[in-house]
Amino acid sequence: MTSLDRRSALLALARGGCALAALGSGCGGEWRQAVVLDPPPEGAACSGLPPPGTAQEGWVEVRLSDHPALAAPGGHAEVRLPEALLDVVLVHVTPGCFVALWRICTHGDCAVDWLPDEGVAECPCHGSRFAQDGRVLQGPAQRPLTVFTAVRQGESVFIHRPR
Ligand code: FES
């Protein structure tokens, strides 16, 4: 079964379970969106990442249900959490693997945009471009974007924001 088949099957199962439960007064007649993600495949570059730690250690939880665009590889979302001093673009790069790039351009004070078709971040102010590992691909920026460790666990991605 392909991952898409499995995702479809799980969504269908979730719908069916809700429909059955609705008969017995569960679910309250409302449909909640299910976000079903594949875990990182064996040997994936991200599968060796450590499990996330605590908020006191700088780990910030991003619930995938708050960013449905992240459900599929290739999806991305801008995540701004001022209370955690976090302003990143979170990208689902390969099944179950994510990168979190700082959004503020190192050339100035502009927020970069993620270009999913090219897999790069681009600054709208003067055109600097950055790879998904933060490297400068095109100036005038000279310094790379900071990339934070991002670990998927359950239905959340935890980003490590060192303090
Ligand atoms: S502020 Fe980003 S390229 Fe100048």
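Nothing fancy with the numbering, it's 1 onward along the sequence. In each ligand, atom 1 is the first atom listed, and ligand 1 is the first ligand listed.
For the pair Asp109/Ile104, a side-chain contact is recorded, criterion being any heavy-atom separation below 4.5 Å from C-beta on. In this structure, Leu70 and Leu64 have side chains that are in contact, with non-hydrogen atoms separated by less than 4.5 Å.
Contacts with ligand 1 closer than 4.0 Å are made by heavy atoms of both the backbone and the side chain of Ser128.
For ligand 1, the atoms lying closer than 4.0 Å to a non-hydrogen atom of Gly108 are 1 (S).
Here the straight-line distance linking atom CG of Leu137 with atom OG of Ser128 works out to 10.0 Å at 0.5 Å rounding.
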Checklist entry - Where do Arg103 and Glu78 land on the salt bridge (charged side-chain N to carboxylate O under 4.0 Å, His left out) test, with the steps shown first? => result CA-CA 8 Å; Arg103 286 191 69 230; Glu78 293 166 6; 3.5 Å; yes
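Inclusion of Cys105 in the first shell of atom 2 (Fe) of ligand 1 is supported: an N, O or S atom falls under 2.8 Å. Atom 2 (Fe) of ligand 1 lies under 2.8 Å from an N, O or S atom belonging to Cys123.
Residue His126 approaches atom 4 (Fe) of ligand 1 most closely through its N/O/S atom ND1. Looking only at N/O/S atoms, His107 comes nearest to atom 4 (Fe) of ligand 1 through ND1.
In this structure, Phe98 has its ring center under 6.0 Å from that of His92.
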